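The structure appears below as structure tokens.
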Amino acid sequence: MINIDQWTITDAVLAAQQGSSSPRLQQVMASLVRHLHDFAREVQLTEDEWFEGIRFLTRAGHITDDKRQEFILLSDVLGLSTLVTAQNNAKPAGCTEATVFGPFFVEGAPRVELGADIANGAKGTPCVVRGQVRALDGTPVAGAVIDVWQSDEEGFYDVQQPDQPGHRARAQLASGEDGRFHFRSILAHCYPIPHDGPVGDLLSALGRHPWRPAHLHFMIQAPGFERLITHVFRSGDAYLESDAVFGVRSTLIADWRRDEPGESADEPGYSLTYDFVLNPTQQAPR
Ligand code: BEZ
Ligand code: FE
């Protein structure tokens, strides 16, 4: 096809993609091309603006490595991560809701016993976290594998501090026979997402802040149940209504209780109790 212009280019690209051996790839790419071309026509994208976009993506690529994922961050601030999470995690009422994964999960965090202190030197006020993993009918889920990770009081995850190697404020544990779990860690604080790169520049240009409300991350897996990836958010946080990545759900907001020494704790600190209800995996129809 020759003499293609801004109106015929879309059909030309769609026709060129028709030989794909993957129907799904063909469907996804056809839709992407249609929306991308419509976008460029709608805003009358200039050549300078097109090149600015290319420079932005190039910077995102250059800053990305095995510890820093600028493209996930971009998806997060554009609301795409929350959209994809929401449309793939519809659950029956009563199940714990899912939210975004974020870029700071690490495979192979240390496995600890119930009651362990997972802070491992991370800075913060001591905090005990307790809860139970249950099925929808209330049955305790024993042996659920629980990954937990959080930032320190300065707003940094261990993986953001390469000068201090080691796992801090992250661990994996398993629920007991009664589905219950508990561990010691530190109080969750609000923190800004990494904003020293192109995504941070985009946020400032759009008049947006980079802050996330205080939260703990959980990933919970047990046979017969869907994997749950979620957070528990701290009530009263100033950023609950304006999370930079749009991840807050009201059912995931909980109170962190202040414990005085001698009451239920040896030292002043906080405690959080939060239970998780897992969604059973779909049985294939017989
Ligand atoms: C997080 O909660 O760890 C996170 C989520 C999205 C972007 C950056 C950080
Ligand atoms: Fe986080």
Side-chain angles (χ1 to χ4, degrees), residues 56 59-60 63-86 88-89 96-107 109 118-120 122-125 127 129 146-162 167-172 183 185-204 206 208-220 227-249 251-254 256 272 274 276:
F56 176 88
R59 283 180 67 204
I63 207 172
T64 294
D65 59 19
D66 58 340
K67 298 255 158 33
R68 169 85 179 246
Q69 231 306 352
E70 197 75 0
F71 291 100
I72 294 187
L73 220 48
L74 178 60
S75 162
D76 293 336
V77 303
L78 294 180
L80 183 62
S81 309
T82 285
L83 188 160
V84 172
T85 301
N88 286 284
N89 286 277
T96 305
E97 293 189 88
T99 190
V100 292
F101 199 27
F104 297 128
F105 173 74
V106 169
E107 232 24 279
I118 71 164
N120 194 25
K123 283 188 215 148
T125 310
C127 176
V129 181
I146 303 169
D147 275 282
V148 57
W149 65 106
Q150 70 168 109
S151 68
D152 65 16
E153 69 178 7
E154 287 169 357
F156 294 110
Y157 286 78
D158 52 3
V159 286
Q160 295 175 283
Q161 297 162 302
H167 296 94
R168 289 186 309 283
R170 75 170 70 238
Q172 187 180 76
F183 59 89
S185 187
I186 50 174
L187 184 62
H189 274 272
C190 56
Y191 65 84
I193 62 171
H195 57 110
D196 55 345
V199 169
D201 292 347
L202 178 65
L203 289 179
S204 349
L206 292 172
R208 288 176 53 183
H209 71 70
W211 288 85
R212 298 216 64 206
H215 59 272
L216 286 183
H217 291 259
F218 285 90
M219 176 163 77
I220 305 186
R227 181 174 74 169
L228 172 67
I229 293 173
T230 196
H231 307 358
V232 181
F233 293 94
R234 189 168 155 205
S235 63
D237 191 288
Y239 296 106
L240 285 171
E241 291 289 339
S242 66
D243 180 7
V245 306
F246 309 98
V248 180
R249 312 204 63 83
T251 59
L252 301 177
I253 301 174
W256 264 247
L272 165 71
Y274 194 87
F276 296 90

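Both counts, for ligands and for their atoms, begin at 1 and track the order of listing. All values reported here derive from a predicted model rather than from experimental measurement.
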Check: Would one find an N, O or S atom of H231, in either backbone or side chain, under 2.8 Å from the Fe ion (ligand 2)?
Finding: no
Margin query: Below a 4.0 angstrom heavy-atom separation, can you tell me which part of L73, side chain or backbone, both or neither, approaches ligand 1?
Written below: side chain
Next item on the list: Any atoms of ligand 1 less than 4.0 Å from a non-hydrogen atom of I193? List them with their elements.
Entry: 7 (C), 8 (C), 9 (C)
Margin query: Treating S185 as the side-chain partner and I118 as the backbone partner, does any N or O pair qualify as donor plus acceptor under 3.5 Å?
Written below: no
Next item on the list: Using side chain to side chain contact (heavy atoms under 4.5 Å, CB included) as the criterion, point out the one residue from V129, L252, I253, L216 that pairs with Y274.
Entry: L252
Next item on the list: Record the part of Y191 in heavy-atom contact with ligand 1 below 4.0 Å; permitted values are side chain, backbone, both and neither.
Entry: side chain
Margin query: I want to know if ligand 1 touches D76 in the polar sense, i.e. an N/O pair below 3.5 angstrom.
Written below: no
Notebook entry, point to check: Which atoms of ligand 1 sit under 4.0 Å from any heavy atom of G102?
Noted result: 4 (C), 5 (C), 6 (C)
Note to self: Rounded to the nearest 10°, what angle sits at the Fe ion (ligand 2) between OH of Y157 and OH of Y191?
What the structure shows: 100°
Next item on the list: Answer yes or no for S151: is there an N/O/S atom below the 2.8 Å cut-off from the Fe ion (ligand 2)?
Entry: no
Notebook entry, point to check: Do other residues, nucleotides or ligands put more than 12 heavy atoms under 6.0 Å from the CZ atom of F56?
Noted result: yes
Notebook entry, point to check: Does Y157 come within less than 4.0 Å of ligand 1, judged by its heavy atoms?
Noted result: yes
Note to self: Regarding D243 and R212, does a basic nitrogen lie under 4.0 Å from an acidic carboxylate oxygen?
What the structure shows: yes
Check: Once the angle between the rings of W149 and F101 is folded into 0 to 90°, is it parallel (under 30°), tilted (30 to 60°) or perpendicular (over 60°)?
Finding: perpendicular
Notebook entry, point to check: Is there a donor-acceptor pair under 3.5 Å between the side chain of H215 and the backbone N or O of P213?
Noted result: yes
Check: Which atoms of ligand 1 have any heavy atom of H217 under 4.0 Å away?
Finding: 1 (C), 2 (O), 3 (O)
Next item on the list: Could you check V248 against E241 for side chain to side chain contact (heavy atoms under 4.5 Å, CB included), going step by step and ending with a plain yes or no?
Entry: CA-CA 8 Å; V248 180; E241 291 289 339; over 6 Å; no
